[in-house]
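Here is the structure we will look at, set down as structure tokens.
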Amino acid sequence: MSSFPPDGLPLTRRAMVGALAALGLSTLPVPLSAQDTPVRGGILTVSLSTEAGSIAAVNNTTPFAYFISSKILEGLLSYDFDYNPQPELATEWAVSEDGLRYWFRLREGVRWHDGKPFDAKDVVFSILLQRDVHPRGRRVFRNVTAVNALGSHEVEILLSEPAPYLLVAFAGSGVPIAPAHIYAGTDIAANPANNAPIGTGPFRFVEWVRGSHIILERNDDYWDQPRPYLDGIVYRFVFDPLTQVAGIETGEVHLTPTGVPLSELDRLRRNPQLGIETRGFGYNNTIVRLEFNLDHPHLSDLRVRQAIAHAIDVETIASTAYQGQATPLYGPVSPGLAAFYDPNLPRYAVDPARAEALLDEAGLRRGADGVRFEVFLDPVQPTGPIRQTADYIAQALGKIGIRVTIRGQDFATYVRRIYTARDFDIALQGLSNLYDPVAGIQGLFWSRSIEPGVPFVNAAHYRSAETDRLLEAAAIETNTVRRRALYDAFQRQVVADLPALHLVAPDAFTVYNTRVRDHTLTVDGFGSRGAHVWLAR
């Protein structure tokens, strides 16, 4: 093994400053802290409001896996609330001055849940898997030309061009390290380990009963002793919002990271047995938007999309459907992604008369029944604020002569309809900006991300040479000011082209029983490995 730092690489801190400065983030490490003296034992019960096709996040970006996968499959690094890297499966790291070489020393003595040793070949395999297979990883690791094992516990990643966001990309919730001996040489999408993962994490997979629950148990051989403190975690699928509230109030459920009805928040805040945590969502930065199918004969006309934009009041959505627990949004970047958010974008004023004139201009005049044309609207969730938003949109578009039929469906059906069959007109989505535009935004607008069956990317089939140019230039720009300028121009281009209409950035929160301690210590909150979580007696 080479010494640290390896030849040609500066110490981690210096590399961190340059890499994170490109994101506009602070760089002074802040140690993760505990609230009290932890005690061992107990089963944590968590409720989730969605269920999808797989648990392991090795080849997908489903939000369902976000709170489960990283308990089993860990990342090289974790991040505090200021995005400063902390050791996980990597204990040391460095980045070359030119940003083209990343180096990691890996933790020794770690074993996979089947007893096999963890080493460099697993990291090499996992990074290349992300680059070649994962829908997000193909953007994040696009510049990676090679991943080399320099020893049994030492890895380098070589890039053709800089990736100024890359040091923030290695959380288990985003880039899980998968066992090469389980996945190599297999059909990744069909591998049984996707539904019964084998990892290095603090919890082992036990069972998944579809429509009911998932059980994880404590990994007694975990490398970070005496953690984990919990004996296990039970994830219950609770699709009815009021049932979810009842579970958290009675103590049957200890924590829910997927929200509860907003109408119940004030009452839950007054319950001394409960707490509401708003931190731990900075790795996600969720937004809500409409995505138009640009192959639709009417929606392909910019004037029609502009008319829809003029008919919808995003402030009404924020104040009614989200009861003030959301920020109106006028572009593709969440305010939570502060380094890139532009509050001064051009806006489509609420102007039904202008909307009507645009539709007339497009040749879509009202018929005898007052209807110009009909569309389907597919909300990603059949209940809650998303459904209320869909109801409002149907009403608003009805006033300008567009008849809207709302189709409610489960999450798996929604994904197939929008991204595989493309059997949709307008999709009402909740999507994550994540920690950098390359990771969470680029795929929604980049023409090269169009691929049938790949979820949470460019379902609109939006193609713009100028947008592609701006996105590709920003992805490799290391100068903070120039990078921000490129993303400012990108946002204005998207607002003008209107492949999607951005609505709100919802507030996010974890509701928990006060017995649950240290559940939110990192920027990805309960999406982290969960080794520190414990239950007070």
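No experiment lies behind these values; they were computed from the predicted model shown.
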Qualifying salt bridge (charged side-chain N to carboxylate O under 4.0 Å, His left out) pairs, either residue in residues 314-338, two or more places apart: none
ring-ring contact (aromatic ring centres under 6.0 Å, His included) involving Phe205 - partner list, sequence neighbours excluded: none
Which residues share a salt bridge (Lys or Arg N to Asp or Glu O under 4.0 Å) with Asp507, sequence neighbours left out: none
Sequence neighbours excluded - ring pair (Phe, Tyr, Trp, His ring centres under 6.0 Å) pairs with any residue from residues 480-501: Phe340-Tyr487, Phe445-Phe490
Contact list for residues 126-145, test side-chain hydrogen bond (donor to acceptor under 3.5 Å, both in side chains), sequence neighbours left out: Arg138-Glu451
Side-chain donor or acceptor of Thr320 paired with backbone N/O of Thr316 under 3.5 Å: yes
Backbone N/O of Arg463 and side chain of Ser447: donor-acceptor pair under 3.5 Å: no
Stepwise ring pair (Phe, Tyr, Trp, His ring centres under 6.0 Å) check, Tyr512 with His519: CA-CA 9 Å; Tyr512 63 96; His519 52 80; 4.2 Å; yes
Minimum side-chain heavy-atom gap Val238-Leu48 below 4.5 Å: no
Arg289 (side chain) donor-acceptor with Leu428 (main chain) under 3.5 angstrom: no
Sequence-distant partners of Phe281, side-chain contact (heavy atoms from CB on, under 4.5 Å), two or more places apart: Ala508, Thr510
Where at least one partner belongs to residues 342-368, residue pairs that pass ring pair (Phe, Tyr, Trp, His ring centres under 6.0 Å), sequence neighbours excluded: His310-Tyr348
Check: Tyr283 main-chain N/O paired with Asp524 side-chain donor or acceptor under 3.5 Å: no
pair Asp425-Phe292: side-chain heavy atoms closer than 4.5 Å: no
Of all pairs that satisfy ring pair (Phe, Tyr, Trp, His ring centres under 6.0 Å), the ones with a partner from residues 357-400, not counting sequence neighbours: His298-Phe373
Charged N-O contact under 4.0 Å between Arg529 and Glu88: yes
Asn433 side chain to Ser334 side chain, donor-acceptor N/O pair below 3.5 angstrom: no
Any donor-acceptor N or O pair under 3.5 Å, side chains Tyr462, Asp497: yes
Minimum heavy-atom distance Gly525-Thr520, with the two atoms named: CA-CG2, 4.0 Å
Minimum-distance pair of heavy atoms, taken over all atoms of Leu73 and Pro197: CD1-CB, 4.4 Å
Derivation of the salt bridge (charged side-chain N to carboxylate O under 4.0 Å, His left out) call for Arg492 and Asp342: CA-CA 9 Å; Arg492 281 168 166 71; Asp342 184 350; 2.4 Å; yes
Nearest-0.5 Å distance, OH of residue Tyr322 to CG of residue Leu503: 8.0 Å
Heavy-atom check, side chain of Ile127 versus side chain of Val175, under 4.5 Å: yes
Atom of Pro261, atom of Pro241 and distance for their closest heavy-atom approach: CG-CB, 3.3 Å
Validation row: His461, Asn293 side chains within 4.5 angstrom (heavy atoms): no
Note: Arg387-Asp391 ion pair, threshold 4.0 Å (strictly below): yes
Minimum-distance pair of heavy atoms, taken over all atoms of Ala321 and Pro385: O-CB, 3.5 Å
Those residues that, when tested against Arg482, pass salt bridge (Lys or Arg N to Asp or Glu O under 4.0 Å) (two or more places apart): Glu477
Backbone of Val58 reached by a side-chain donor or acceptor of Tyr183 within 3.5 Å: no
side-chain hydrogen bond (donor to acceptor under 3.5 Å, both in side chains) evaluation trace for Ser54 with Asn60: CA-CA 9 Å; Ser54 64; Asn60 65 81; 3.2 Å; yes
Backbone of Phe509 reached by a side-chain donor or acceptor of Thr278 within 3.5 Å: no
Gap between atom CG of Leu521 and atom OG of Ser78 - 0.5 Å precision: 9.5 Å
Residues Asp295, Arg422; criterion salt bridge (charged side-chain N to carboxylate O under 4.0 Å, His left out); working and verdict: CA-CA 10 Å; Asp295 295 328; Arg422 295 196 76 248; 2.8 Å; yes
Spacing of CD belonging to Gln306 relative to CG belonging to Leu498, to within rounding of 0.5 Å: 7.0 Å
Contacts of type salt bridge (Lys or Arg N to Asp or Glu O under 4.0 Å), residue Arg372, not counting sequence neighbours: Glu356, Asp360
Side chains of Gln409 and Arg417, donor plus acceptor under 3.5 Å: yes
Non-hydrogen side-chain atoms of Ser212 and Arg236 separated by less than 4.5 Å: no
Test side-chain contact (heavy atoms from CB on, under 4.5 Å) applied to Ala427 - qualifying residues, sequence neighbours left out: Tyr414, Ile418, Phe424, Gln429
Working for side chain to side chain contact (heavy atoms under 4.5 Å, CB included), residues Val314 and Leu501: CA-CA 10 Å; Val314 296; Leu501 177 63; 5.7 Å; no
Val253 vs Val46, side chain to side chain contact (heavy atoms under 4.5 Å, CB included): CA-CA, chis, key distance, verdict: CA-CA 6 Å; Val253 170; Val46 178; 5.9 Å; no
side-chain hydrogen bond (donor to acceptor under 3.5 Å, both in side chains) assessment of Thr256 paired with Gln244: CA-CA 8 Å; Thr256 176; Gln244 192 174 56; 3.2 Å; yes
Sidechain-backbone polar pair: Asn194 side chain, Ile188 backbone, donor-acceptor under 3.5 Å: yes
Any side-chain heavy-atom pair of Leu294 and Arg305 under 4.5 Å: yes
Over all atoms of both residues, closest heavy-atom pair of Pro506 and Val288: CG-CG2, 3.6 Å
Check: Tyr235 side chain, Phe67 main-chain N or O, donor-acceptor pair, under 3.5 Å: yes
Side-chain touch Val333/Leu345, heavy atoms, less than 4.5 angstrom: no
Donor-acceptor under 3.5 Å (Thr522 side chain, Asp80 main chain): no
Under 3.5 Å: donor-acceptor pair, side chain of Asn285, backbone of Gly282: yes
Basic-acidic side-chain contact under 4.0 Å: Asp488, Arg484: yes
Minimum side-chain heavy-atom gap Arg267-Val245 below 4.5 Å: yes
Results of ring-ring contact (aromatic ring centres under 6.0 Å, His included) for Tyr419 - residues two or more places apart only: Phe456
